[in-house]
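Only this structure's heavy atoms are used, side chains among them; waters, hydrogens and symmetry mates stay out.
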Amino acid sequence: MRIFDPHIHMTSRTTDDYERMAAAGVRAVVEPAFWLGQPRTSAASFTDYFDSLIGWEPFRAGQFGVRHHATVALNPKEANDPRCRPVLDLLPRYLDKDAVVAVGEIGYDSMTPEEDEAFAAQLALAVAYDLPALVHTPHRDKARGVERTLAVVTESGIDPGRVVVDHLNEVTVKLVRDTGCWLGFSIYPDTKMTPSRMVELLREYGTERMLVNSAADWGRSDPLLTRATGEAMLLAGFSDDDVDQVLWRNPVEFYGQSGRLDLTDLDVAAVDPQTGNSILRGGS
């Protein structure tokens with residue numbers, strides 16, 4: 001089983017996670033920019049963060065045979081903090097980078113006017129830089145948030161086939177299914193979506209334009225739940241090809257629209273023979 005996790009926050013995970021993921025069949029990931037758990041005090045901190053997403057983290061992932069790409073954005077929660085708003089002017093510097101395959105996460109947290117402005121501005125950047133967009137839907141009042149999301153996507157003029165609306169559930173999947181957007185589902189231990197519920201949605205709505213991710217981050221989450229979903233699909237009677245479409249070909253097709261997805265020469269994990277450390281040391 002080959003797995004491409006299209007939404008996982010590896011900055012918050014350990015090298016043990018990379019090792020476990022690689023052993024489970026995870027060969028590629030996309031890491032969206034997100035809130036780090038406490039307020040940033042200036043836009044300058046995003047510079048270091050974005051540099052890490054396109055520099056250090058791909059290097060770290062590569063030691064375990066996992067290909068890493070990123071998306072960058074001012075995330076919805078921090079769009080409400082005036083100290084972070086200058087990030088919108090910083091983004092063009094990063095949207096030209098080869099490792100960046102979409103604009104994201106963008107969308108709504110609390111559905112404020114500030115989030116409206118940041119969402120629209122970043123969809124415009126996605127259009128200007130010919131990139132897909134990864135859209136976060138709010139954890140509260142989700143149905144209204146998805147309806148509002150879809151209205152803004154329509155107003156932006158972006159091709160809906162270049163947008164994934166993420167963190168969907170049984171209530172919101174119906175709102176997105178016929179819009180032309182891609183549908184994203186985050187599989188969590190306790191919240192959002194479970195493997196068994198995901199199987200039922202795949203039975204009802206099919207496998208086209210469906211993306212399954214772990215969205216693993218600082219909180220209680222599990223980077224192996226993509227694998228668990230694939231196994232649940234097989235037990236439910238889906239074919240190996242169905243699993244490959246959902247866990248590999250769909251995310252490849254979606255992010256491949258960026259023209260920057262590089263899945264060539266996926267190698268096995270590397271270990272520094274000098275130190276025995278799972279992260280190779282720099283220098284001569």
Pair [X] + [Y]: basic N to acidic O under 4.0 Å:
| X | Y | answer |
| --- | --- | --- |
| R249 | E253 | no |
| R197 | E200 | no |
| R140 | D109 | yes |
| D17 | R20 | yes |

Charged tip of R40 within 45° of Y49 ring normal and under 6.0 Å
yes

Would R13 and Y18 count as a cation-pi pair here, with the cationic atom under 6.0 angstrom from the ring centre and within 45° of the axis?
no

Going by atom types only, do [X] and [Y] share a side-chain donor-acceptor pair under 3.5 Å?
| X | Y | value |
| --- | --- | --- |
| N75 | E78 | yes |
| H9 | E57 | no |
| H7 | D166 | yes |

Using a cut-off of 6.0 Å, state whether more than 12 heavy atoms not belonging to K142 lie near its atom NZ.
yes

Between E147 and R144, is a salt bridge (charged side-chain N to carboxylate O under 4.0 Å, His left out) present by the stated rule, with each step listed?
CA-CA 5 Å; E147 290 172 347; R144 186 168 70 92; over 6 Å; no

Following the transitive rule for hydrophobic clusters with a side-chain heavy-atom cut-off under 4.5 Å over Ile, Leu, Val, Met, Phe, Trp and Tyr, establish whether L125 and V165 coincide in one cluster.
yes

